[in-house]
Amino acid sequence: MVITKEEKQNILDFFSACNEMIEGRFLLSDTKVSNILKCVVNSSILYDLYAKCTKGFKFSNVLEASRADNPENGGFFTLIDGDKNIVAFVTCFLLEVDKKNINLQAFIQENFFNTDGYNISYNNFALTVLVAYKNAVKRLLGIDEQANAVDYEGEAEEMALGEEEEKIESDEETKISFANLLMNINELQNIINDDYKIKYSEKEELLIVLKALHRAVQMEELLIINALLVPLEHTLVKNKKCKNTYEQIKILIASIYF
């Protein structure tokens, strides 16, 4: 993988933002979360990594399975195994915190509580989640924290990041909307896959369209994205399981336009 001088700086900024949140405390955590996400969307390499890792990833299911109150976890938060899964989970988690769908302080208290105080609880969260996230990114990209190539001797999962697509220039807010779109498209694919009431032929057609939509979002092709909503509209607005996620996708697309 060839990393340009500009991309190297973007990656260095990402690791710096992660370290700032890891080494800090809860104070200004909203800003720190936002800074990490901005670094992801500013880097074509990190953004492409996020898109590939989250394809088919079931964030809500993994979140519920990871929580400390899951009977199988013995009262402890359990981070999912696998570098690709860790990158998918933590990036989606940060997006949910950024959107205020997850209250970070409450989440830490519920999953990393320590009787010695909140700062220790936060430190447990940072070591368990954020350090693992940073290390997973390094292994998947085959780099160290200075963005230099490293041979992890087979420890890393193989990630073929391919050639960069030509993308339109977008501001940070728009990039984050695209990242949220990818997460919601993945969620919708999972809902459709699991819905036994949808006929097989109809399910196959819907998943083909959603696969094309996922690709169009990666390429940031707004006209194609908008066009692909047409074959989805009639079916999904009438499906109770799909409706909320589909409506969220439309809202995100509208926010990009306006």
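Nearest heavy atom pair, residue S66 against residue N73, reads O-ND2, 3.2 Å. Pairing each heavy atom of Y47 with each of A179, the nearest pair is OH-N, 3.6 Å. Closest of all the heavy-atom pairs between D144 and K138 is C-CD, 3.9 Å. For the residue pair L104 and Y118, the shortest heavy atom distance occurs at O-OH, 4.3 Å. Scanning both residues, F59 and F93, for their nearest heavy atoms gives CE1-N, 3.6 Å. Across every non-hydrogen atom of A136 and I86, the tightest pair is CB-CG2, 4.0 Å.
Both L229 and I192 belong to a common hydrophobic cluster when Ile, Leu, Val, Met, Phe, Trp and Tyr are linked at side-chain heavy-atom distances under 4.5 angstrom. Linking ILVMFWY side-chain heavy atoms closer than 4.5 Å, directly or via other members, places L63 and F76 in two distinct hydrophobic clusters. Under the 4.5 Å side-chain contact rule for hydrophobic residues, L207 and L188 share a cluster.
Residues N184 and E187 have side chains that never bring a donor and an acceptor to within less than 3.5 angstrom of each other. Between Q9 and D13, the side chains place a donor N or O and an acceptor N or O closer than 3.5 Å (distance only, hydrogens not considered).
Salt bridge E221/R215: absent, no basic N to carboxylate O contact under 4.0 Å. One finds a salt bridge joining E145 and K134 here, because a Lys/Arg side-chain nitrogen approaches an Asp/Glu carboxylate oxygen to under 4.0 Å. Ion pairing between K58 and D194 holds under the 4.0 Å rule for side-chain N and carboxylate O.
Other residues, nucleotides and ligands contribute more than 12 heavy atoms inside 6.0 Å of the CD atom of E202. Residue K243 qualifies as open at atom NZ: its count of foreign heavy atoms under 6.0 Å is 12 or below.
Within the 4.5 Å cutoff, the side chain of C18 has no heavy atoms near those of the L130 side chain. Contact of the I36 side chain with the M21 side chain is registered, since non-hydrogen atoms from C-beta on lie closer than 4.5 Å.
By the 30° and 60° cut-offs, the orientation of the rings of F77 relative to F89 is tilted. Taking the six-membered ring for Trp and thresholds of 30 and 60 degrees, F107 and F112 have ring planes inclined between 30 and 60 degrees apart.
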